[in-house]
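Here is the naming used below: chain letters follow the sequence lines, and residue numbers restart at 1 for every chain.
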Number of protein chains: 2
Amino acid sequence: MDDAEIQLRQSAPARLADVARVAGVSVATVSRALSRPAVVSPDTRDAVARAVRATGYRMNVAARNLRQGRTGAVVALVPNLGNPFFAKILAGMGAALNAAGYDLLVGDTMEPGEPGGRHRALRRFLDPSRADGIILLDGQVTADDLAVMPGAPPLVMACEWIDGADIPRVVLDNAAGTELAARHLWSLGHRRIGWIGGPESNVLHRARADGLRRVLTDPPGYPGDFSLQSGAEAALRWLSQPPETRPTAIVGFSDEAAAGFMGEVQRHGLSVPGDVSVIGFDAIDWVAHLPVPLTTIRQPKRDLGRLAATTLLELIGGHRPADRILTPELICRQSTAAPV
Amino acid sequence: MDDAEIQLRQSAPARLADVARVAGVSVATVSRALSRPAVVSPDTRDAVARAVRATGYRMNVAARNLRQGRTGAVVALVPNLGNPFFAKILAGMGAALNAAGYDLLVGDTMEPGEPGGRHRALRRFLDPSRADGIILLDGQVTADDLAVMPGAPPLVMACEWIDGADIPRVVLDNAAGTELAARHLWSLGHRRIGWIGGPESNVLHRARADGLRRVLTDPPGYPGDFSLQSGAEAALRWLSQPPETRPTAIVGFSDEAAAGFMGEVQRHGLSVPGDVSVIGFDAIDWVAHLPVPLTTIRQPKRDLGRLAATTLLELIGGHRPADRILTPELICRQSTAAPV
DNA sequence: ACGGCGCTTGCAAACGATTACATCTCGGGC
DNA sequence: GCCCGAGATGTAATCGTTTGCAAGCGCCGT
């Protein structure tokens with residue numbers, strides 16, 4: 001009888017019922033032995049443990065999720081997964097989430113190519129049955145986008161944020177970052193300090209511009225989009241200005257823009273920091289190894305990811321967490337010096 | 001009666017049963033209307049569609065997964081999530097998987113810090129109830145590591161691979177890549193061509209070294225680990241050699257190593273490609289914007305990710321897919337030239 | 001000796017979808 | 001007029017786990 005049944009299921013994965021049969025207890029007991037060992041007797045606990053080994057049992061995640069009304073996953077929604085900037089942040093998140101028993105799901109808010117894709121991509125994940133929580137890293141999403149789903153899972157913003165929306169944030173104090181940069185350049189003796197911006201509508205751009213204005217009055221800026229390319233274009237603009245009036249120092253609102261600027265200037269035969277000081281933002285790895293290592297403002301990306309994860313877990317746990325504002329740090333390398 | 005029930009559930013998310021009640025049909029019909037519209041009558045289809053809108057119904061993923069014995073997710077296991085190299089690959093995977101209705105789960109094979117973590121981290125995902133398939137990007141995993149789970153889900157290797165293991169692969173023809181690099185340098189007139197390697201045990205390192213040896217006899221190499229740092233160290237070694245005997249051209253087995261080499265050489269006042277030609281591998285974005293743009297071998301990362309995903313989906317679908325070998329491409333920029 | 005309390009354990013009802021099978025209806029061929 | 005099959009829908013079992021409730025058991029205090 002029993003043999004026949006065992007026979008039948010021999011190839012199928014073991015279920016709780018199989019473990020229960022082998023251990024000589026009920027399924028409820030096995031379940032408890034596994035999820036709350038304290039409530040079963042030591043003898044039973046051992047018997048179950050042996051049976052689990054014997055059967056090679058592994059819990060069926062879908063069944064547990066269904067019963068508990070959770071998914072065991074958290075989704076990180078990034079504006080562009082292909083952007084290497086997010087790698088370290090995701091790594092921090094993944095570590096913290098896995099440690100807490102959650103899986104990390106990633107999603108792109110931008111469907112490849114499609115401009116209206118943001119909304120579509122969002123719908124996929126704003127679904128309480130797909131993830132227990134969302135970490136949103138895209139500040140371009142609007143509050144309206146988020147309103148489409150009534151029962152949407154808990155949400156925290158990381159890195160970027162949405163002005164006016166009442167959503168917990170884990171972000172760098174971006175204004176303090178550029179302020180730090182400006183003060184550094186000022187103290188070196190620079191008086192004409194320019195900047196290379198990001199997209200006008202981007203919250204990071206706005207915060208970083210505000211930081212500069214705390215220290216400088218009406219600093220001249222070059223438009224940009226955080227990319228290497230836009231940094232190089234800013235350099236061409238800068239090169240075309242008369243040396244007596246153009247900025248002697250540049251604050252890039254991203255390391256890429258700063259590096260792009262620096263590279264283009266160097267290709268034109270000028271020197272950094274001899275002819276112009278350059279400072280970046282974010283402290284991504286590779287800019288430390290440029291021919292002229294880039295001075296920059298550090299954003300603790302791994303910590304930010306980790307913190308975003310723990311903040312979301314708090315929120316899932318029912319607390320309303322406070323915003324977390326991380327402090328930027330000046331990393332002084334070779335691309336900044338006193339003006340000649 | 002009904003009102004009372006509706007009242008009770010008004011805050012809870014709508015289930016299939018709610019839609020059925022509103023539409024005036026059975027749950028089975030609703031289920032069919034949603035998953036296989038062709039089999040229900042047009043009238044019913046419309047009624048169900050209306051009821052879905054009215055109730056705000058969204059399918060419970062866990063319930064479907066449990067019933068169907070699938071998870072709807074695919075996990076990508078990378079050796080180090082924090083390494084930006086994987087960003088574009090993951091983006092390609094995500095796009096292909098989402099389009100096919102799967103979620104992309106990411107995992108780190110390396111638990112932060114822990115050396116024995118590889119095995120532990122693997123166990124979490126080698127679980128048929130957590131993911132329907134696995135894309136493994138870590139060649140350091142051994143066949144033994146994978147053997148721990150009998151019922152493990154379908155697996156494909158991407159980027160890296162495990163020698164001797166019979167697992168479908170989606171990889172670049174790495175040897176062809178370095179061969180391309182060597183031929184390029186040779187045709188420029190270089191005769192002493194050296195290289196900066198990766199970790200000895202790494203399959204990519206071995207394949208890339210093999211590619212060089214197809215064209216060169218016993219080329220001199222500097223040890224490395226693909227990092228910027230190791231490239232800079234190789235440069236110091238190179239600088240200490242007598243100019244008459246040291247290589248006139250260097251093939252970095254990664255763009256980082258090549259860029260690190262180039263930067264250090266430049267900081268010592270020598271010029272690239274004047275004093276030494278340098279070529280990288282992978283074509284990561286930023287090396288195109290260095291003061292001297294880096295010549296490199298392109299690895300189509302996004303395509304590789306996409307292909308890995310579709311290959312895995314085939315495997316999940318029951319076919320045994322053939323290995324996919326992608327072709328590298330030389331991207332000629334400013335860091336290579338004829339020797340003086 | 002007895003009532004009651006606490007510790008273990010089992011029974012069975014959920015969780016919300018899919019799907020094999022049964023049922024019903026309608027229309028056409030003979 | 002009758003039968004058969006195709007098409008549409010309903011009924012109910014099922015996926016594997018968790019968990020509220022109740023029951024069994026032994027021990028202690030009085």
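With respect to the salt-bridge test (charged N to carboxylate O, under 4.0 angstrom), the residues A/R320 and A/D166 qualify.
Listed candidates were C/dT18, D/dG10, D/dT18. Nearest to the side chain of B/S31 is C/dT18. Among D/dT17, C/dG16, D/dT19, the nucleotide with an atom closest to any side-chain atom of A/Y57 is D/dT17. Here the side chain of A/L66 is nearest to one of D/dT9, D/dG16, C/dG10, namely D/dG16. Comparing D/dT9, C/dA17, C/dG10 by their closest approach to the side chain of B/R64 singles out C/dA17. Across C/dG10, D/dA8, D/dA12, the shortest atom-to-atom separation from the side chain of B/T44 is found for D/dA8.
Nucleotide D/dT9 holds its P atom 13 Å from the CZ atom of B/R36, rounded to whole Å. In this structure, the CE atom of A/M59 is 12 Å from the P atom of D/dT19, given to the nearest Å. As rounded to whole Å, 15 Å separates atom P of D/dT17 from atom CZ of A/R70. For the pair B/L34 CG and C/dG16 C1', the computed distance is 13 Å after rounding to whole Å. As rounded to whole Å, 15 Å separates atom P of C/dG10 from atom CZ of A/R21. Going from atom CG of A/L16 over to atom P of D/dC15 covers 14 Å, rounded to whole Å. Put simply, CZ on B/R32 is 15 Å from P on C/dA17, counting in whole angstrom units. Look at CD on B/Q68: it is 21 Å from P on D/dA13, rounded to the nearest Å.
Contact between the side-chain N/O atoms of B/T29 and the OP1/OP2 oxygens of D/dA8 is not found at any separation under 4.0 Å.
For the 3.5 Å distance criterion, the side chains of A/T55 and A/D18 fail to qualify, holding no donor opposite an acceptor. Inspection of the A/D132 and A/T71 side chains reveals an N or O donor paired with an N or O acceptor under 3.5 Å.
Inter-residue side-chain proximity for A/M93 and A/L90 is flagged as met; some heavy-atom pair is nearer than 4.5 Å.
B/S41 comes within 4.0 angstrom of sugar-phosphate atoms only, judged by non-hydrogen atoms across all strands, and of no base.
The base of C/dT18 sits with one of its N or O atoms less than 3.5 Å from a complementary donor or acceptor on the side chain of B/R67.
Toward the 5' end of DNA chain D, the nearer of the two residues B/V40 and A/A63, judged by each one's closest nucleotide, is B/V40.
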